[in-house]
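Notes follow the structure.
Just so you know, these numbers come straight off a predicted model, no measurement behind them. As the structure lists them, so they are numbered: ligands from 1, and atoms in each ligand from 1.
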Amino acid sequence: MTQRDQYEGAYFTPSGGLVWHWRALWRRRYWMDFIDSVAAALDHWHPPQKKLLLLGPSAGWCLPTDFLVRFKEINAIDLDPLAERIFRFNHGRPLNNAGTKLNFDLENIFTSFDAILERFPDHAILFPNMLGQHLYHVADTDTARVEIEAVKEKLASRHWASIHDRLSGKIRSGAPLPTSFSTREALTPESLAIKLGLSGEWVDHLTTHVLPEGTERRLVGWRLLDSWIHIVEIAAVAPR
Ligand SMILES: C[S@@+](CC[C@H](N)C(=O)[O-])C[C@H]1O[C@@H](n2cnc3c(N)ncnc32)[C@H](O)[C@@H]1O
(Lines give C-alpha, C1' and ligand atoms only; values in the text may rest on other atoms or scores of the structure.)
Protein backbone atom coordinates (compact mmCIF):
# COMPACT_ATOMS: atom_id res chain seq x y z
CA MET A 1 0.00 0.00 0.00
CA THR A 2 1.50 3.34 -1.02
CA GLN A 3 0.87 6.61 0.72
CA ARG A 4 -1.28 9.22 -0.93
CA ASP A 5 0.65 12.34 -1.93
CA GLN A 6 -0.53 15.34 0.09
CA TYR A 7 -0.60 17.32 -3.18
CA GLU A 8 -2.70 14.91 -5.25
CA GLY A 9 -5.72 16.87 -6.40
CA ALA A 10 -4.48 20.06 -4.71
CA TYR A 11 -4.76 23.43 -6.43
CA PHE A 12 -1.51 24.71 -4.94
CA THR A 13 1.55 22.47 -5.20
CA PRO A 14 5.28 23.25 -5.18
CA SER A 15 5.69 22.17 -8.80
CA GLY A 16 2.47 23.14 -10.52
CA GLY A 17 -1.12 24.11 -9.84
CA LEU A 18 -2.61 27.59 -9.84
CA VAL A 19 0.66 29.47 -9.35
CA TRP A 20 2.20 27.69 -12.33
CA HIS A 21 -0.80 28.37 -14.60
CA TRP A 22 -0.93 32.00 -13.57
CA ARG A 23 2.78 32.41 -14.20
CA ALA A 24 2.59 30.64 -17.56
CA LEU A 25 -0.34 32.79 -18.63
CA TRP A 26 1.57 36.00 -17.96
CA ARG A 27 5.14 35.00 -18.73
CA ARG A 28 4.85 32.48 -21.57
CA ARG A 29 5.57 35.19 -24.15
CA TYR A 30 9.03 35.64 -22.54
CA TRP A 31 9.71 31.90 -22.68
CA MET A 32 9.73 31.57 -26.46
CA ASP A 33 13.45 30.73 -26.77
CA PHE A 34 13.04 27.94 -24.26
CA ILE A 35 9.83 26.71 -25.88
CA ASP A 36 11.61 26.70 -29.26
CA SER A 37 14.47 24.64 -27.79
CA VAL A 38 11.96 22.11 -26.46
CA ALA A 39 10.22 21.99 -29.85
CA ALA A 40 13.54 21.53 -31.70
CA ALA A 41 14.56 18.66 -29.42
CA LEU A 42 11.16 16.93 -29.69
CA ASP A 43 11.28 17.36 -33.45
CA HIS A 44 14.24 14.98 -33.49
CA TRP A 45 12.55 12.40 -31.29
CA HIS A 46 10.68 9.79 -33.35
CA PRO A 47 9.81 6.81 -31.18
CA PRO A 48 8.08 4.05 -33.18
CA GLN A 49 4.99 4.09 -30.93
CA LYS A 50 1.81 5.89 -31.97
CA LYS A 51 0.79 6.31 -28.34
CA LEU A 52 2.34 8.76 -25.90
CA LEU A 53 2.34 8.73 -22.11
CA LEU A 54 2.85 12.23 -20.72
CA LEU A 55 3.98 12.14 -17.10
CA GLY A 56 3.42 15.51 -15.36
CA PRO A 57 2.52 17.67 -18.37
CA SER A 58 0.50 20.25 -16.43
CA ALA A 59 -1.41 22.18 -19.11
CA GLY A 60 1.35 21.74 -21.69
CA TRP A 61 2.23 25.42 -21.69
CA CYS A 62 5.72 24.65 -23.04
CA LEU A 63 4.77 21.67 -25.22
CA PRO A 64 4.48 22.10 -29.00
CA THR A 65 1.10 21.12 -30.40
CA ASP A 66 2.85 19.95 -33.60
CA PHE A 67 4.64 17.32 -31.57
CA LEU A 68 1.49 16.16 -29.76
CA VAL A 69 -0.58 15.70 -32.93
CA ARG A 70 1.95 13.16 -34.23
CA PHE A 71 0.39 10.62 -31.83
CA LYS A 72 -2.91 8.73 -32.22
CA GLU A 73 -3.46 8.51 -28.48
CA ILE A 74 -2.10 10.49 -25.54
CA ASN A 75 -2.50 9.47 -21.92
CA ALA A 76 -1.52 12.14 -19.44
CA ILE A 77 -1.05 11.82 -15.69
CA ASP A 78 -0.70 14.75 -13.32
CA LEU A 79 -1.46 15.63 -9.70
CA ASP A 80 -3.04 18.91 -10.67
CA PRO A 81 -6.85 18.91 -10.99
CA LEU A 82 -6.70 21.97 -13.27
CA ALA A 83 -4.19 20.48 -15.71
CA GLU A 84 -6.64 18.60 -17.93
CA ARG A 85 -9.03 21.48 -18.50
CA ILE A 86 -6.27 23.97 -19.35
CA PHE A 87 -4.36 21.40 -21.43
CA ARG A 88 -7.53 20.90 -23.50
CA PHE A 89 -7.84 24.68 -23.81
CA ASN A 90 -4.21 24.93 -25.01
CA HIS A 91 -4.13 21.92 -27.36
CA GLY A 92 -7.62 20.37 -27.56
CA ARG A 93 -8.82 21.66 -30.90
CA PRO A 94 -5.76 20.67 -33.00
CA LEU A 95 -5.67 17.31 -31.22
CA ASN A 96 -9.33 16.77 -32.10
CA ASN A 97 -8.73 17.83 -35.70
CA ALA A 98 -5.83 15.37 -35.95
CA GLY A 99 -7.96 12.58 -34.45
CA THR A 100 -5.64 12.26 -31.43
CA LYS A 101 -7.43 10.78 -28.41
CA LEU A 102 -6.52 12.49 -25.12
CA ASN A 103 -7.11 10.96 -21.66
CA PHE A 104 -6.07 12.48 -18.36
CA ASP A 105 -5.69 10.78 -14.97
CA LEU A 106 -5.25 12.52 -11.64
CA GLU A 107 -2.56 10.48 -9.94
CA ASN A 108 0.84 10.62 -8.26
CA ILE A 109 3.34 9.18 -10.73
CA PHE A 110 5.89 8.18 -8.13
CA THR A 111 3.54 6.33 -5.79
CA SER A 112 2.30 4.07 -8.61
CA PHE A 113 5.12 4.20 -11.16
CA ASP A 114 5.37 0.45 -11.85
CA ALA A 115 1.59 0.06 -12.17
CA ILE A 116 1.47 3.02 -14.57
CA LEU A 117 4.14 1.44 -16.79
CA GLU A 118 2.16 -1.81 -16.86
CA ARG A 119 -1.03 0.05 -17.72
CA PHE A 120 0.59 1.67 -20.76
CA PRO A 121 2.95 -0.93 -22.23
CA ASP A 122 2.67 0.35 -25.83
CA HIS A 123 3.35 4.01 -25.18
CA ALA A 124 6.45 6.11 -25.71
CA ILE A 125 6.98 8.12 -22.53
CA LEU A 126 7.72 11.81 -22.06
CA PHE A 127 8.48 13.54 -18.76
CA PRO A 128 7.76 17.15 -19.70
CA ASN A 129 9.55 18.90 -16.88
CA MET A 130 8.45 16.92 -13.85
CA LEU A 131 11.44 14.78 -12.75
CA GLY A 132 13.33 17.84 -11.55
CA GLN A 133 10.31 18.79 -9.43
CA HIS A 134 10.31 15.59 -7.44
CA LEU A 135 12.50 17.05 -4.68
CA TYR A 136 9.58 19.32 -3.78
CA HIS A 137 7.25 16.36 -3.24
CA VAL A 138 9.42 14.17 -1.04
CA ALA A 139 10.47 14.96 2.52
CA ASP A 140 14.09 13.90 2.19
CA THR A 141 16.62 14.52 -0.55
CA ASP A 142 18.09 11.01 -0.56
CA THR A 143 14.71 9.39 -1.23
CA ALA A 144 14.01 11.87 -4.02
CA ARG A 145 17.41 11.21 -5.61
CA VAL A 146 17.03 7.42 -5.41
CA GLU A 147 13.54 7.53 -6.94
CA ILE A 148 14.67 9.85 -9.73
CA GLU A 149 17.72 7.74 -10.55
CA ALA A 150 15.68 4.50 -10.56
CA VAL A 151 13.64 5.77 -13.51
CA LYS A 152 16.24 4.77 -16.12
CA GLU A 153 16.29 1.12 -14.93
CA LYS A 154 12.50 0.90 -14.89
CA LEU A 155 12.41 2.28 -18.42
CA ALA A 156 15.29 0.19 -19.80
CA SER A 157 13.03 -1.46 -22.39
CA ARG A 158 11.10 1.68 -23.36
CA HIS A 159 11.47 4.65 -25.67
CA TRP A 160 11.40 7.71 -23.43
CA ALA A 161 12.42 11.33 -23.31
CA SER A 162 12.70 13.88 -20.56
CA ILE A 163 12.86 17.61 -20.10
CA HIS A 164 14.03 18.20 -16.54
CA ASP A 165 15.54 20.91 -14.37
CA ARG A 166 19.21 20.50 -13.45
CA LEU A 167 19.79 23.79 -11.63
CA SER A 168 17.81 26.89 -10.74
CA GLY A 169 18.72 30.16 -9.15
CA LYS A 170 18.94 33.91 -9.20
CA ILE A 171 20.34 35.90 -12.09
CA ARG A 172 20.68 39.64 -12.52
CA SER A 173 17.66 41.10 -14.28
CA GLY A 174 18.60 41.65 -17.94
CA ALA A 175 21.73 39.45 -17.76
CA PRO A 176 21.89 37.11 -20.78
CA LEU A 177 21.06 33.44 -20.36
CA PRO A 178 24.00 31.01 -20.49
CA THR A 179 24.67 29.56 -23.94
CA SER A 180 23.02 26.19 -24.67
CA PHE A 181 25.27 23.22 -25.34
CA SER A 182 25.11 19.46 -25.91
CA THR A 183 27.12 16.79 -24.15
CA ARG A 184 27.11 13.07 -23.31
CA GLU A 185 28.59 13.75 -19.89
CA ALA A 186 26.55 13.78 -16.65
CA LEU A 187 28.17 16.96 -15.32
CA THR A 188 27.94 17.40 -11.57
CA PRO A 189 25.93 20.46 -10.45
CA GLU A 190 29.21 22.19 -9.54
CA SER A 191 30.89 21.55 -12.90
CA LEU A 192 27.72 22.47 -14.76
CA ALA A 193 27.53 25.80 -12.90
CA ILE A 194 31.22 26.49 -13.66
CA LYS A 195 30.83 25.58 -17.34
CA LEU A 196 27.88 27.97 -17.64
CA GLY A 197 29.62 30.76 -15.73
CA LEU A 198 27.03 30.75 -12.94
CA SER A 199 28.03 32.09 -9.56
CA GLY A 200 26.19 32.27 -6.24
CA GLU A 201 23.80 29.66 -4.84
CA TRP A 202 22.00 27.24 -7.14
CA VAL A 203 19.29 24.69 -6.39
CA ASP A 204 20.39 21.19 -7.40
CA HIS A 205 17.30 19.42 -8.79
CA LEU A 206 18.86 15.97 -8.16
CA THR A 207 18.67 14.93 -11.81
CA THR A 208 22.42 14.55 -12.52
CA HIS A 209 22.08 10.79 -13.08
CA VAL A 210 18.52 10.43 -14.31
CA LEU A 211 19.70 9.52 -17.83
CA PRO A 212 21.60 6.34 -18.74
CA GLU A 213 25.35 6.96 -18.89
CA GLY A 214 26.54 8.39 -22.20
CA THR A 215 23.12 9.70 -23.32
CA GLU A 216 23.38 12.76 -25.52
CA ARG A 217 21.66 15.67 -23.79
CA ARG A 218 21.09 19.36 -24.47
CA LEU A 219 21.39 21.93 -21.70
CA VAL A 220 19.35 25.10 -22.15
CA GLY A 221 18.62 28.13 -20.02
CA TRP A 222 15.05 29.18 -19.24
CA ARG A 223 14.21 32.54 -17.72
CA LEU A 224 11.24 31.47 -15.60
CA LEU A 225 11.05 34.88 -13.94
CA ASP A 226 12.90 38.08 -14.75
CA SER A 227 15.65 37.28 -12.25
CA TRP A 228 15.21 33.53 -11.71
CA ILE A 229 16.44 31.01 -14.26
CA HIS A 230 16.43 27.25 -14.67
CA ILE A 231 19.06 25.18 -16.46
CA VAL A 232 17.04 22.47 -18.17
CA GLU A 233 18.31 19.21 -19.64
CA ILE A 234 16.54 17.63 -22.62
CA ALA A 235 17.25 14.11 -23.88
CA ALA A 236 15.72 11.10 -25.61
CA VAL A 237 16.54 7.51 -24.67
CA ALA A 238 16.04 4.35 -26.75
CA PRO A 239 15.65 0.83 -25.27
CA ARG A 240 18.93 -0.83 -24.34
C1 LIG B 1 6.62 22.41 -14.14
S2 LIG B 1 5.12 21.60 -14.37
C3 LIG B 1 5.24 20.97 -16.04
C4 LIG B 1 5.08 22.05 -17.02
C5 LIG B 1 4.72 21.57 -18.41
N6 LIG B 1 5.88 21.06 -19.11
C7 LIG B 1 4.08 22.66 -19.24
O8 LIG B 1 4.50 22.82 -20.40
O9 LIG B 1 3.14 23.32 -18.74
C10 LIG B 1 5.34 20.11 -13.47
C11 LIG B 1 4.08 19.27 -13.40
O12 LIG B 1 4.43 18.00 -12.85
C13 LIG B 1 3.38 17.61 -11.99
N14 LIG B 1 3.94 16.66 -11.03
C15 LIG B 1 5.06 16.83 -10.25
N16 LIG B 1 5.27 15.72 -9.51
C17 LIG B 1 4.27 14.86 -9.84
C18 LIG B 1 3.95 13.54 -9.41
N19 LIG B 1 4.69 12.90 -8.51
N20 LIG B 1 2.86 12.95 -9.95
C21 LIG B 1 2.10 13.58 -10.87
N22 LIG B 1 2.36 14.83 -11.32
C23 LIG B 1 3.44 15.44 -10.80
C24 LIG B 1 2.91 18.89 -11.34
O25 LIG B 1 1.58 18.77 -10.87
C26 LIG B 1 3.01 19.87 -12.51
O27 LIG B 1 1.81 19.97 -13.20
Side-chain angles (χ1 to χ4, degrees), residues 2-39 41-42 52-68 74-92 104-117 119-120 125-139 143-148 150-151 154 161-166 168 203 205-207 210 220 222-225 228-234:
T2 49
Q3 266 190 337
R4 187 182 184 280
D5 186 288
Q6 60 175 317
Y7 297 115
E8 190 176 308
Y11 290 104
F12 292 93
T13 74
S15 66
L18 265 177
V19 172
W20 165 248
H21 299 303
W22 183 252
R23 217 168 242 177
L25 195 61
W26 290 107
R27 288 206 55 87
R28 193 178 174 278
R29 66 203 146 119
Y30 301 113
W31 297 348
M32 286 308 163
D33 286 352
F34 171 67
I35 291 173
D36 287 349
S37 299
V38 168
L42 292 177
L52 177 69
L53 179 58
L54 279 177
L55 295 178
S58 181
W61 293 102
C62 302
L63 288 177
T65 308
D66 287 355
F67 164 74
L68 298 172
I74 297 177
N75 290 82
I77 300 180
D78 202 295
L79 289 167
D80 175 1
L82 294 170
E84 174 172 6
R85 190 172 299 182
I86 309 177
F87 192 100
R88 286 187 190 281
F89 177 79
N90 284 339
H91 303 285
F104 249 87
D105 290 312
L106 192 65
E107 206 170 327
N108 184 323
I109 291 149
F110 272 107
T111 50
S112 45
F113 196 62
D114 297 339
I116 290 172
L117 295 185
R119 229 157 76 212
F120 303 105
I125 299 168
L126 175 64
F127 296 90
N129 212 346
M130 72 76 65
L131 289 172
Q133 310 292 313
H134 192 44
L135 78 162
Y136 299 121
H137 289 267
V138 175
T143 307
R145 196 191 310 274
V146 167
E147 289 184 347
I148 291 168
V151 163
K154 294 180 186 255
S162 180
I163 301 158
H164 49 260
D165 293 321
R166 287 289 323 271
S168 61
V203 178
H205 285 259
L206 311 178
T207 48
V210 67
V220 302
W222 171 30
R223 195 182 290 279
L224 178 72
L225 302 173
W228 186 269
I229 68 165
H230 285 234
I231 304 300
V232 180
E233 186 168 81
I234 310 174

Problem set entry | Any N or O of M130 closer than 3.5 Å to N or O of ligand 1 | no

Problem set entry | R28 side-chain N/O to W61 backbone N/O, donor-acceptor pair under 3.5 Å | yes

Exercise. Can the ring centroids of H134 and F110 be said to lie less than 6.0 angstrom from one another?
Worked result: yes

Exercise. Cut-off 3.5 Å, side chains only: do D80 and H21 have a donor facing an acceptor?
Worked result: yes

Exercise. Rounded to the nearest 0.5 Å, what separation is found between the CD1 atom of I109 and the CG atom of L54?
Worked result: 9.5 Å

Exercise. For ligand 1, is any non-hydrogen atom under 4.0 Å from E107's backbone (N, CA, C, O), its side chain (CB onward), both, or neither?
Worked result: backbone

For this session: With heavy atoms of I109 as the reference, note each atom of ligand 1 found under 4.0 Å away.
Result: 18 (C), 19 (N), 20 (N), 21 (C), 22 (N)

Problem set entry | Check: I77 N/O within less than 3.5 Å of ligand 1 N/O | no

Problem set entry | Nitrogen or oxygen atoms of D78 and ligand 1 under 3.5 Å apart | yes

Exercise. Will you find, in the side chains of E233 and T207, an N or O donor that is under 3.5 Å from an N or O acceptor?
Worked result: no

For this session: Please indicate whether any nitrogen or oxygen in W61 is less than 3.5 Å from any nitrogen or oxygen in ligand 1.
Result: yes

Exercise. Taking atom CZ of R85 as the centre, does the number of heavy atoms from other residues, nucleotides or ligands within less than 6.0 Å exceed 12?
Worked result: no

For this session: Verify, without hydrogens or angle tests, whether D78 (side chain) and S58 (backbone) share a donor-acceptor contact under 3.5 angstrom.
Result: yes

For this session: For H137, counting its heavy atoms only, list the atoms of ligand 1 lying under 4.0 Å from any of them.
Result: 15 (C), 16 (N)

Problem set entry | Residue P128 vicinity, atoms of ligand 1 by number, heavy atom under 4.0 Å | 3 (C), 4 (C), 5 (C), 6 (N)

Exercise. Where the side chain of N90 meets the backbone of A59, is there a donor-acceptor pair that is under 3.5 Å apart?
Worked result: yes

Problem set entry | Residue pair P64 / L42, side-chain heavy-atom distance below 4.5 Å | yes

Seminar exercise, completed: So for P57 against ligand 1, with non-hydrogen atoms under 4.0 Å, the contacting part is backbone

Exercise. Which ligand 1 atoms does N129 reach within 4.0 Å, using its non-hydrogen atoms?
Worked result: 1 (C), 2 (S), 3 (C), 6 (N), 10 (C)

For this session: May I ask you to list the atoms of ligand 1 that are less than 4.0 angstrom from any heavy atom of W20?
Result: 4 (C), 7 (C), 9 (O)

Exercise. For ligand 1, is there an atom lying under 4.0 Å from some heavy atom of G60?
Worked result: yes

For this session: Check whether any N or O atom of N108, backbone or side chain, sits under 3.5 Å from an N or O atom of ligand 1, and answer yes or no.
Result: yes

